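As a basis for the values below, the full set of heavy atoms in this structure was taken, side chains included, without hydrogen atoms, waters or symmetry mates. Order of listing sets the numbers, starting from 1, for every ligand and every atom in it. Position 1 is the first residue of the sequence; numbering continues from there. Model, not experiment: these values are computed from the prediction.
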Amino acid sequence: MKSWIQVCFVQLNNSLSQDGSQVFALFIFTALVWILYKCLKYVYPYWRFRNIPGPPPKWPIGNIFELLKKPGQEHRLLLQYAKRYGPTFQLWYLNRRTVIVANPEDAKFVLATRNYPKSPIFCRCFSPLGHGLLTLSQQEHSVQRKAISQRFNEEFLQSLHHHLTAELEVFITQVDALCDTERVVDLDALISALTLDVIARTAFGVSFSTQTSQQHPMPCAVLTLLDELVNNMIFYPYRFWLPQITQKRLNEALTVIHKFCSMVIDLRLQESREEKANRVRDLLDIFLESEETRDNVIAHVATFMLAGHDTTSHTLSFCMYEIAQNRDIERKLQEESDRFIAPQDRIVPFEQVGHLDYTRMVWNEALRTHPAAANTSVRCADRDDILPGSGIPITKGTGLMVSSYLIHHLPQYWEDPDSFIPERHTKEAVRQRSPYHFLPFSRGSRNCIGQFVANHEALTILSSIYKRYEIRLAVDAQEIEEYFRVTMKPHCRVSVGSEGKKDPSLDAHLGLPVKIYTRKCHS
Ligand code: HEM
């Protein structure tokens, strides 16, 4: 900067001392043209797309301030916009245009017909995690995805069920001790530990024992990481504006996650031939056989660890939150688990999971009302196009975010969208509606690879829990809000003690405070 000013002064001196003012005027003119060009370039997209529906941007920052006003609640604001401007509309991050897509026809076009690549901004913001399936480029992705998909077969589900049964036994033993004591427990934390242990055992053959070890650092690290990745995304490309403390938090979380993923790999490399012969081939075998670098294997492990536990656990928590407010649904669930779990058993057998029709409807309704990965389908147009449902033009490089939260909550696609009604998902109803009205796992080549795992896990957990327990909220239902940070999680606005009073010693950010009771007519 200093040298630039010096150059200007030298120019000025020279021009004045030689034939003077003409050269100086030319210099000033060039500088002004350059500044004007930069300003026009910045403003042009605003002008070009001024008639496209969306909240009016405030030049030069676009819509950033509105979005930053209530961190974690952006989905609510987007829903208001979708109701006001139509399901597909545009937003501005500085002069970067992003089209929010919630018209099912547009969603199909973006995810499947055109199959647009992942947004490079999304991939770059997630790059601290390394390059796992979630962020790989299209070409690398298809090779990896094919190899991994082969592993998600019947044998994998059986292995999942085996580990799930073992971990659910630990869960039940713990909850039995808390049951009927009037103690407030954070169900979200319990379920989160359960699903983390299940994915670690099924996919990587290690036991984290998160359920039994107090204060396990992994869930906390995951939470911090997701928080900071969102900050990265909002402030991209001006992440350096973020205070040092946020970078520090991100690095600390990454260190914990990398340490655990590294430990998983080391344990596998130390395995004897005999041990290998006695276990089922899992995802880690595939990653290690793919001749990738150690860093890439860590990235794959971390991606599956995150994607495979956080989403499932929070959706399960929301599901139990809804059930706690509706005794009729709870009773129907209990009746179904009685039919498929023998009186002497605690966990639903593998062969019966496919028959849990009502439980599946309840689970699908939880995926509709609280889609955990509602805003992760972020794409980038690789050509100029017109979205067929809304008629909105997009140009090469436009960011596109398909929001399942909006699609699932707009009254034109779902009657009384805010009510929890499992019967929306009868086989007949599913046959009649477009698959693009229900997108919890996204669609197209980058849809959720783990959806069968998530569904099997959720049905087994729900059915086994409602066979045995009744769960009641420890606070008013309105005190639980959806907090959105890459994934959507439940968040309790008040802190509660065991008698439901304010208790400052308890973490104010409890996810889902509940009291658990033994089921009254437990058969
Ligand atoms: C309720 C549970 C789950 C939900 C709602 C969910 C949702 C999603 C969504 C919406 C995507 C697509 C993101 C995009 O379009 O870019 C996705 C991708 C992914 N999910 Fe899930 N997921 C769940 C459970 C799981 C589980 C259990 C696993 C692992 C076992 C998993 C692993 C992944 C992976 C690896 C990807 C990246 C796929 C790719 O790009 O090819 N997810 N998930």
Under a 4.0 angstrom heavy-atom cut-off, which atoms of ligand 1 come close to Leu367?
1 (C)

With heavy-atom distances below 4.0 Å as the criterion, list the atoms of ligand 1 near Ser442.
10 (C), 12 (C), 15 (O)

Considering only non-hydrogen protein atoms, determine which one is nearest to atom 34 (C) of ligand 1 and report residue, atom name and distance to 0.1 Å.
Ile449 CG2, 3.7 Å

Is there a donor-acceptor pair closer than 3.5 Å between any side-chain N or O of Asp188 and the backbone N or O of Leu512?
no

Given that the side chain starts at C-beta and the backbone is N, CA, C, O, which of these parts of His309 lies under 4.0 Å from ligand 1, counting heavy atoms, or is it both or neither?
neither

Can a donor-acceptor pair be found between the side chains of Ser445 and Asn115 at a distance below 3.5 Å?
yes

Taking both backbone and side-chain atoms of His141, is any N or O found less than 3.5 Å from an N or O belonging to ligand 1?
yes

Taking Arg472 first and then Glu330, would you say they form a salt bridge - that is, a charged N and a carboxylate O separated by under 4.0 Å?
yes

Exercise: do Arg443 and Ser377 side chains pair donor with acceptor under 3.5 Å:
no

When you compare ligand 1 with Arg145, is there at least one nitrogen or oxygen pair between them that comes in under 3.5 angstrom?
yes

Regarding Tyr81 and Asn63, do their side chains bring together a donor and an acceptor under 3.5 Å, going by distance alone?
no

OG/Ser337 to OH/Tyr358 distance, rounded to the nearest 0.5 angstrom?
11.5 Å

Ignoring hydrogens, just give me the one of Ala307, Ala203, Ala374 whose non-hydrogen atom is nearest atom 25 (C) of ligand 1.
Ala307

Report yes or no: does Arg379 have a heavy atom closer than 4.0 Å to ligand 1?
yes

Supply the atom-to-atom distance Thr312 OG1 to Ile191 CD1, rounded to the nearest 0.5 angstrom.
11.0 Å

May I ask you to identify the nearest protein heavy atom to atom 22 (N) of ligand 1, giving residue, atom name and distance to one decimal place in Å?
Cys448 SG, 3.1 Å

Which protein non-hydrogen atom lies closest to atom 37 (C) of ligand 1, naming both residue and atom, and how far is it?
Leu134 CD1, 3.4 Å

If you measure from the Lys or Arg side-chain nitrogens to the Asp or Glu carboxylate oxygens, is any gap between Arg431 and Glu428 under 4.0 Å?
yes

Please test Ile392 against Asp106 for side chain to side chain contact (heavy atoms under 4.5 Å, CB included), starting from the C-alpha separation and ending with a verdict.
CA-CA 9 Å; Ile392 289 182; Asp106 291 344; 6.0 Å; no

Identify the closest protein heavy atom to atom 30 (C) of ligand 1: which residue and atom is it, and at what distance?
Ile199 CD1, 3.6 Å

Would Pro440 count as a contact of ligand 1 if the rule is a heavy atom under 4.0 Å away?
yes

List the closest protein heavy-atom neighbour of atom 13 (C) of ligand 1: residue, atom name, distance to the nearest 0.1 Å.
Thr376 OG1, 3.7 Å

Against ligand 1, does Lys118 come closer than 4.0 Å with any heavy atom?
yes

Here the atoms of ligand 1 under 4.0 Å from any heavy atom belonging to Thr315 are 1 (C)

Which residue and non-hydrogen atom of the protein lie closest to atom 24 (C) of ligand 1, and at what distance in Å?
Thr311 OG1, 3.3 Å

Which of the listed options, Ser377, Ala373, Gly308, Ala372, holds the heavy atom that is closest to atom 15 (O) of ligand 1?
Ser377

May I ask you to decide whether Arg201 forms a salt bridge with Asp282, counting only side-chain N to carboxylate O separations under 4.0 Å?
no

Which residue and atom name correspond to the protein heavy atom nearest atom 4 (C) of ligand 1, and how close is it?
Phe441 CE2, 3.5 Å

Heavy atoms only: which of Thr312, Asp310, Asn447 lies closest to atom 38 (C) of ligand 1?
Asn447

Using a strict 4.0 Å threshold on nitrogen-to-oxygen distance, state whether Arg76 and Glu482 make a salt bridge.
yes

Backbone or side chain, does any N or O of Thr303 fall under 3.5 Å from an N or O of ligand 1?
no

Quick one: does Arg443 get a heavy atom under 4.0 Å from ligand 1?
no

Answer yes when Arg485 and Asp310 have at least one side-chain N-carboxylate O distance shorter than 4.0 Å, and no when they do not.
no

Between Arg446 and ligand 1, which part of the residue brings a heavy atom under 4.0 Å of the ligand: side chain, backbone, both or neither?
both

Do NZ/NE/NH1/NH2 and the carboxylate oxygens of Lys70 and Glu481 come within less than 4.0 Å?
no

Near Phe304 (heavy-atom distance under 4.0 Å), the atoms of ligand 1 are 29 (C), 35 (C)

For His408, run the ring pair (Phe, Tyr, Trp, His ring centres under 6.0 Å) check against Phe438, Phe420, Tyr436 and tell me which one passes.
Phe438

